[in-house]
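Heads up: the structure comes next, in structure tokens.
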Amino acid sequence: MQIDAGLGQVVATDTSQIPYYLVGDKWIHLPGSLKHITVGPAGIWVLTDMCSLFACPSVCLSLWSSGLLNQLDAGGDQFVVGVNMDDTPYCLTSSATVGYKGPDSPIPWTGLPGSVKYYSCGPFGCWAVNKNDDIFLMSVRSGKECESWSKGWSHIEGKLSMIEVATDSSVFGVNSAGSVYTRSILIGLIKKCVDSV
């Protein structure tokens, strides 16, 4: 149903929202039922089907915060980003993710401009798509201060339904027809993607 990869790790959920972690060529079942799972420099982070956020800095899951997030991504430089039910993007600084010690740790989510249904970050930027499948890019140099991202999103020509950025800055997108595009050919094929939608 959903898959994410970062730092050589792969995590996924199946159609029953059962989470898995890839070890070699075997999928290891993780406990619980999850709405979304992500892995990256900030660790493994998950959303339950009740929209609770968990941080998984090690093997065990710790209840972290109650929220109404639909999606999150841990692919940036130790920061976590998320989107709530109203398509509002958020950022959690690297100091908050690295400094996480348990349920009593502060959770200073910073709201960002724009309206996106899904977004993903890498070392140099965040890519997003909105409810109309429009594509956006925000340059990001650091997750230390989310407020410095307030310059907002730049519109990128084309249409994609989902977009992911790897920790090596590779970008992958899927359009509404299920065709997959990569950053190396993304710019050249976006026109084709738009024409086919």
Side-chain angles (χ1 to χ4, degrees), residues 1-15 17 19-22 27 30 34-47 53-56 69-85 87-92 94 97 112 114-141 143 146 149 153-190 192-194 196-197:
M1 183 72 181
Q2 184 254 323
I3 191 166
D4 195 38
L7 297 176
Q9 301 175 75
V10 181
V11 292
T13 59
D14 66 14
T15 55
Q17 296 186 329
Y20 294 89
Y21 182 85
L22 186 63
W27 288 101
L30 297 175
L34 304 178
K35 180 177 181 178
H36 193 90
I37 187 167
T38 183
V39 62
I44 298 174
W45 295 74
V46 302
L47 291 172
L53 178 65
F54 290 79
C56 312
L69 296 174
N70 283 334
Q71 179 258 331
L72 69 162
D73 186 82
D77 185 15
Q78 296 185 324
F79 60 89
V80 175
V81 296
V83 176
N84 74 4
M85 294 170 34
D87 292 346
T88 303
Y90 286 89
C91 169
L92 187 63
S94 58
T97 61
L112 299 176
S115 177
V116 300
K117 67 177 180 181
Y118 197 100
Y119 85 115
S120 179
C121 298
F124 306 111
C126 297
W127 290 76
V129 292
N130 68 10
K131 65 182 178 182
N132 299 320
D133 289 351
D134 296 320
I135 306 165
F136 297 92
L137 171 65
M138 182 185 300
S139 294
V140 175
R141 289 288 180 196
C146 298
W149 299 6
W153 301 96
S154 297
H155 182 258
I156 305 296
E157 185 181 340
K159 296 281 187 184
L160 292 172
S161 297
M162 184 179 166
I163 199 158
E164 276 286 342
V165 184
T167 49
D168 68 356
S169 295
S170 300
V171 180
F172 299 88
V174 179
N175 69 9
S176 60
S179 298
V180 177
Y181 297 87
T182 67
R183 183 178 187 208
S184 59
I185 59 170
L186 189 62
I187 301 303
L189 290 181
I190 286 297
K192 177 183 173 192
C193 182
V194 171
S196 67
V197 172

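Note that this is a predicted model, so its numbers are computed, not measured.
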Test side chain to side chain contact (heavy atoms under 4.5 Å, CB included) applied to [X] - qualifying residues, sequence neighbours left out:
| X | value |
| --- | --- |
| Ser115 | Asp87 |
| Val165 | Ser120, Trp127, Val171 |
| Ser169 | Pro123, Phe124, Arg183 |
| Ala5 | Val10 |

Partners passing side-chain hydrogen bond (donor to acceptor under 3.5 Å, both in side chains) against [X] (at least two apart in sequence or in another chain):
| X | answer |
| --- | --- |
| Thr13 | none |
| Gln2 | none |
| Asn130 | Asp134 |

Determine the minimum heavy-atom distance between [X] and [Y], stating which atoms define it.
| X | Y | result |
| --- | --- | --- |
| Val11 | Trp27 | C-CZ3, 4.3 Å |
| Lys131 | Lys117 | CA-CD, 4.0 Å |
| Ala74 | Pro41 | O-CD, 3.2 Å |
| Pro19 | Ile37 | CB-CD1, 4.4 Å |
| Glu164 | Asp73 | OE1-OD1, 3.4 Å |
| Ala128 | Val116 | CB-CG1, 3.6 Å |

Reported [atom1]-to-[atom2] distance for the pair [X] and [Y], which is rounded to 0.5 angstrom:
| X | Y | atom1 | atom2 | answer |
| --- | --- | --- | --- | --- |
| Thr182 | Phe172 | OG1 | CZ | 6.0 Å |
| Asn70 | His36 | CG | NE2 | 10.0 Å |
| Leu160 | Ser179 | CG | OG | 10.0 Å |
| Thr38 | Ile44 | OG1 | CD1 | 9.5 Å |
| Leu112 | Cys126 | CG | SG | 8.0 Å |
| Tyr90 | Thr88 | OH | OG1 | 5.0 Å |

Is a side-chain donor-acceptor pair under 3.5 Å present for Gln71 with Tyr119? no

How about Ser161 and Asn175: does a side-chain donor come under 3.5 Å of a side-chain acceptor? no

Who passes ring-ring contact (aromatic ring centres under 6.0 Å, His included) against Phe136, sequence neighbours left out?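 With neighbours one apart ignored, the set is His155.
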
Full working for side-chain contact (heavy atoms from CB on, under 4.5 Å) between Cys121 and Val81: CA-CA 8 Å; Cys121 298; Val81 296; 3.7 Å; yes

Salt bridge (Lys or Arg N to Asp or Glu O under 4.0 Å): which pairs involve residues 118-127, sequence neighbours left out? none

Does anything in residues 4-14 form a salt bridge (Lys or Arg N to Asp or Glu O under 4.0 Å)? List the pairs, not counting sequence neighbours.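 Output for this query is empty, none listed.
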
